[in-house]
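Have a look at the structure below, then the notes.
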Amino acid sequence: MTNDIYGPFPGSPGFTAALTEGQRARYEELGTNLDVVERRIADACAAAGRAREEVTLVVVTKTYPAEDTALLAGLGVTDVAENRDQDAAPKAEQCRNLPLDWHFVGQLQTNKVRSVVRYANHVHSVDRLRLVESLSAAVLKAERPELGCLVQVALDKAHGEGEHRAGVAPEDVAQLADAIADTPGLRLDGVMTVAPLAGPLAGDPARAFDRLAEIATAVRAAHPAATMVSAGMSGDLEQAIAAGATHVRVGTAVLGVRSPLR
């Protein structure tokens, strides 16, 4: 690195002028991709009769370097997500001075909780009581603000599929939501899902996200502040927005095709 792109003001007038030739090319590529995704979100909101401001774009930066995250901040991205702590922790530390809101979206093992609560403001993948207890203990020990938690819903588990997949069955969402809401240090923010790969909803993201919307409505009836609905990725964000998603998690459409995981 011949310049510092990790400062607190990535959108300042001199930011792009200080980029290297390679950084500028990547910055322009990311900007073009972001424009396309933003148009898709805006069009989907218009088609659903929703205001664009109702949907937050969370850019999933997994497998990409901290430099890309800094460039995204320079383009005005405020929300980024990671799914593996071993990649996220050093990246978040390198980008600690940037105005970013970090989301953890991957399956979370309890031995990684203490690290995750150092940088994440939202965990989308809460799916068991033991994880709720571990997150609470880590938050309280760190003496940090409340951690926003979403119940990860595995829609295929309602049909006996996906036994080993992350997430809870729809019929178990209410119990886990209550536990999060009643646990010190945690804040119940809402629900999350990934379009299922098995069961009758497989290959039909519109129906899957409609089902998540029903579950989200039931959660809000008991917990009115739990308004987040995290659903939709690069290939199905339109269907998610039509069903009421408040947060879409987009990686490939912004950053390009990822390299294989290490």
Kindly work out whether a path of hydrophobic side-chain contacts (I/L/V/M/F/W/Y, heavy atoms less than 4.5 Å apart) joins Val58 to Leu255.
no
Residues that His247 engages under ring pair (Phe, Tyr, Trp, His ring centres under 6.0 Å), provided they are two or more places apart
none
Can you tell me how far apart OG1 (Thr78) and CG (Leu98) are? Round to the nearest 0.5 Å.
12.0 Å
Identify, with sequence neighbours excluded, every residue that meets side-chain contact (heavy atoms from CB on, under 4.5 Å) alongside Ala51.
Glu53, Glu54
Which residues share a side chain to side chain donor-acceptor pair (under 3.5 Å) with Arg211, sequence neighbours left out:
Glu214
Test of understanding: with salt bridge (charged side-chain N to carboxylate O under 4.0 Å, His left out), list the residues that count as partners of Asp79, not counting sequence neighbours.
none
For Ala243 and Ala213 the tightest heavy-atom approach is O-CB, 3.4 Å
So which heavy atom on Lys91 is nearest to which on Thr61, and how close?
NZ-O, 2.9 Å
Measure the CD-OH distance between Glu67 and Tyr6 for me, rounded to the nearest 0.5 Å.
5.5 Å
What's the separation between atom CD1 in Ile241 and atom CZ in Phe209, rounded to the nearest 0.5 Å?
10.5 Å
CZ of Phe15 to CG of Leu71: how many Å apart, nearest 0.5 Å?
5.5 Å
Under the salt bridge (charged side-chain N to carboxylate O under 4.0 Å, His left out) test, residues paired with Glu29 that sit two or more places apart
Arg26
When you measure from the side chain of Asp127 to the backbone of Gly167, do you find a donor-acceptor pair of N or O atoms at a distance under 3.5 Å?
yes
Show me the donor-acceptor pairs within less than 3.5 Å that the side chains of residues 130-139 make with the rest of the protein, sequence neighbours left out.
| from | atom 1 | to | atom 2 | distance (Å) |
| --- | --- | --- | --- | --- |
| Ser134 | OG | Arg130 | O | 3.1 |
| Ser136 | OG | Pro184 | O | 2.6 |

Just checking Gln86: does its CD atom have more than 12 heavy atoms from other residues, nucleotides or ligands closer to it than 6.0 angstrom?
yes
Does the side chain of Tyr119 come under 3.5 Å of the side chain of Asp85 through a donor N or O and an acceptor N or O?
yes
Have Arg24 and Thr16 got a donor and an acceptor in their side chains that come within less than 3.5 Å?
no
Looking at Asp68, is its backbone amide N or carbonyl O close enough to the side chain of Tyr27 to form a donor-acceptor pair, meaning the two atoms are under 3.5 Å apart?
no
Side-chain heavy-atom pair Val59, Thr69 within 4.5 angstrom cut-off
no
Just do the side-chain contact (heavy atoms from CB on, under 4.5 Å) check on His124 and Met228 with the steps written out, would you?
CA-CA 10 Å; His124 292 226; Met228 281 181 64; 4.3 Å; yes
Closest heavy-atom contact between Ala231 and Ala240?
O-CB, 3.4 Å
Linking I/L/V/M/F/W/Y whenever any side-chain heavy atoms sit under 4.5 Å apart, do Val126 and Val117 land together?
yes
Joint hydrophobic cluster, Val123 plus Trp102, side-chain heavy atoms closer than 4.5 Å:
yes
Rounding to 0.5 Å, atoms CG (Leu150) and NE2 (His122) come to a distance of 9.0 Å
Do any side-chain atoms of residues 172-183 form donor-acceptor pairs under 3.5 angstrom with protein atoms, and if so which ones, sequence neighbours left out?
| from | atom 1 | to | atom 2 | distance (Å) |
| --- | --- | --- | --- | --- |
| Asp178 | OD1 | His223 | NE2 | 2.7 |
| Thr183 | OG1 | Ala179 | O | 2.5 |

Please list, one pair per line, the donor and acceptor atoms closer than 3.5 Å that link side chains of residues 33-42 to other protein atoms, with sequence neighbours excluded.
| from | atom 1 | to | atom 2 | distance (Å) |
| --- | --- | --- | --- | --- |
| Asn33 | ND2 | Val254 | O | 2.8 |
| Glu38 | OE1 | Arg52 | NE | 3.3 |
| Glu38 | OE1 | Arg52 | NH2 | 2.9 |
| Glu38 | OE2 | Arg52 | NH2 | 3.2 |
| Arg40 | NE | Glu238 | OE2 | 2.7 |
| Arg40 | NH1 | Ser234 | O | 3.1 |
| Arg40 | NH2 | Ser234 | O | 2.7 |
| Arg40 | NH2 | Glu238 | OE1 | 3.0 |
| Arg40 | NH2 | Glu238 | OE2 | 3.3 |

Under 3.5 Å donor-acceptor pairs involving side-chain atoms of residues 185-208, not counting sequence neighbours:
| from | atom 1 | to | atom 2 | distance (Å) |
| --- | --- | --- | --- | --- |
| Arg187 | NE | Asp189 | OD1 | 2.7 |
| Arg187 | NH2 | Asp189 | OD2 | 3.1 |
| Thr193 | OG1 | Val153 | O | 2.6 |
| Asp204 | OD1 | Arg207 | N | 3.4 |
| Arg207 | NH1 | Pro200 | O | 3.4 |

Would you please name every residue forming a side-chain contact (heavy atoms from CB on, under 4.5 Å) with Arg118, sequence neighbours left out?
Ser115
d(Arg128 CZ, Leu108 CG) to nearest 0.5 Å is 6.5 Å
When clusters are formed by joining ILVMFWY residues with side-chain heavy atoms under 4.5 Å apart, either directly or through shared neighbours, do Val116 and Leu129 land in the same one?
yes
Treating Arg249 as the side-chain partner and Ala81 as the backbone partner, does any N or O pair qualify as donor plus acceptor under 3.5 Å?
no
Go through Arg144 and Leu147 one step at a time and tell me if the side-chain contact (heavy atoms from CB on, under 4.5 Å) criterion holds.
CA-CA 8 Å; Arg144 53 153 289 166; Leu147 177 69; 3.8 Å; yes
Using side chain to side chain donor-acceptor pair (under 3.5 Å) as the criterion, list what pairs up with Gln109, not counting sequence neighbours.
none
Any donor-acceptor N/O pair, Lys62 side chain to Asp87 backbone, under 3.5 Å:
no
Distance-only, no hydrogens or angles: does the Thr20 side chain make a donor-acceptor pair with backbone N or O of Gln23 under 3.5 Å?
yes
Could you pull out the closest heavy-atom pair between Ala226 and Arg220, with the gap in Å?
O-CG, 3.1 Å
If the condition is side chain to side chain donor-acceptor pair (under 3.5 Å), which residues does Lys112 pass it with, not counting sequence neighbours?
none
Taking Ser125 for the side chain and Gln152 for the main chain, is one N or O donor matched with an acceptor at less than 3.5 Å?
no
Same hydrophobic cluster for Val77 and Val250, using side-chain heavy-atom links shorter than 4.5 Å among ILVMFWY?
yes
Taking the side chain as everything from C-beta on, heavy atoms only, tell me whether Val168 gets closer than 4.5 Å to Val151.
yes
